[in-house]
Amino acid sequence: MRISAKADYAVRAALELAAAGDTGPIKAETLAAAQGIPHKFLEGILGDMRRGGLVSSQRGGNGGYRLAAPADTITIADVIRVVEGPLVSVRGSRPPELSYSGPAEALLPLWIAVRANVRRILGEVTLADVAADRLPPVVHTLAEDPAAWTNP
């Protein structure tokens with residue numbers, strides 16, 4: 001799995017909105033500056049997130065963006081799916097749509113297992129969890145493994 005700049009920026013912007021809580025709408029310029037995200041690129045991402053139902057926008061001098069639902073109901077997977085599509089794909093297809101034969105037959109359950117593990121982490125961790133530095137124990141356990149920090 002590869003996390004694109006677009007997905008990374010979307011999650012970071014959503015985390016800024018989660019941390020802001022109900023303080024009112026936040027301008028895209030403010031979000032971009034807070035996270036070092038190119039403003040024009042972020043505008044497009046926020047548009048995707050608005051169309052995907054994750055953020056709402058308000059026009060005008062006091063306008064900006066806010067989360068469309070409580071931060072504890074929006075997972076990191078929700079944000080990535082809205083801006084990038086499926087979390088795990090193989091050649092642009094979702095694993096259940098694939099079929100293999102011969103020695104490659106065991107690839108299908110392997111890709112399904114990869115998808116299940118990605119979902120296990122990204123689909124269970126909410127914006128509120130990350131914004132409050134409350135990652136689930138499974139995340140800490142995986143991140144504490146020294147091998148997780150090295151590139152083979």
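Values reported hereafter were calculated over all heavy atoms of this structure, with side chains retained and with hydrogens, waters and symmetry mates removed.
Residues A13 and L42 come closest through the heavy atom pair CB-CD1, 3.7 Å. Residues A19 and A131 come closest through the heavy atom pair N-CB, 4.4 Å. Residues L108 and P95 approach most closely at CD1-O, 3.0 Å, considering heavy atoms. Considering all non-hydrogen atoms of both residues, R94 and P86 come closest at NE-CG, 3.3 Å. Taking both residues in full, the closest heavy atoms of L127 and A18 are given as CB-CB, 4.0 Å, listed atom of the first, atom of the second, then distance. Contact record, V83 with M49: CG1-CG, 3.9 Å, taken as the closest heavy-atom pair.
Side-chain contact between I74 and T126 is absent, with no heavy-atom pair separated by less than 4.5 Å. Counting heavy atoms from C-beta outward, R115 and L87 have side chains that stay 4.5 Å or more apart. For the pair I121/I76, no side-chain contact is recorded, criterion being any heavy-atom separation below 4.5 Å from C-beta on. Put simply, the side chain of V138 reaches to within 4.5 Å of the side chain of R120, judged on heavy atoms. E16 places none of its side-chain heavy atoms less than 4.5 Å from the side chain of T30.
The CD atom of Q58 sits 9.0 Å away from the NZ atom of K27 when rounded to the nearest 0.5 Å. In this structure, CZ in R66 is found 15.5 Å from CG in L54, a value given to the nearest 0.5 Å. Between atom CG of residue L17 and atom CG of residue L67 there is a gap of 5.0 Å, rounded to the nearest 0.5 Å. To the nearest 0.5 Å, atoms CG (L135) and CG (L142) are separated by 11.0 Å. Within the model, atoms CD of E97 and CH2 of W111 stand 15.5 Å from one another, a figure rounded to the nearest 0.5 Å.
Between the D8 side chain and the A5 main chain, no donor and acceptor come within less than 3.5 Å of each other. Between the side chain of D48 and the backbone N or O of I45, no donor-acceptor pair lies under 3.5 Å.
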*Mind running side-chain contact (heavy atoms from CB on, under 4.5 Å) on R12 and I37 for me, showing each step along the way?*
CA-CA 9 Å; R12 289 165 47 196; I37 300 170; 4.0 Å; yes
*Is there a side-chain contact (heavy atoms from CB on, under 4.5 Å) between L107 and V90 once you walk through the steps?*
CA-CA 11 Å; L107 277 177; V90 179; over 6 Å; no
*Determine, step by step, whether V139 and E124 satisfy the side-chain contact (heavy atoms from CB on, under 4.5 Å) criterion, reporting the C-alpha distance in whole Å, the side-chain angles of both residues, the deciding distance to 0.1 Å, and the verdict.*
CA-CA 10 Å; V139 173; E124 293 179 12; over 6 Å; no
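No more than 12 heavy atoms of other residues, nucleotides or ligands lie within 6.0 Å of CG in N62, so this atom counts as exposed by the packing criterion. Within a 6.0 Å radius of CZ in R81, other residues, nucleotides and ligands contribute more than 12 heavy atoms.
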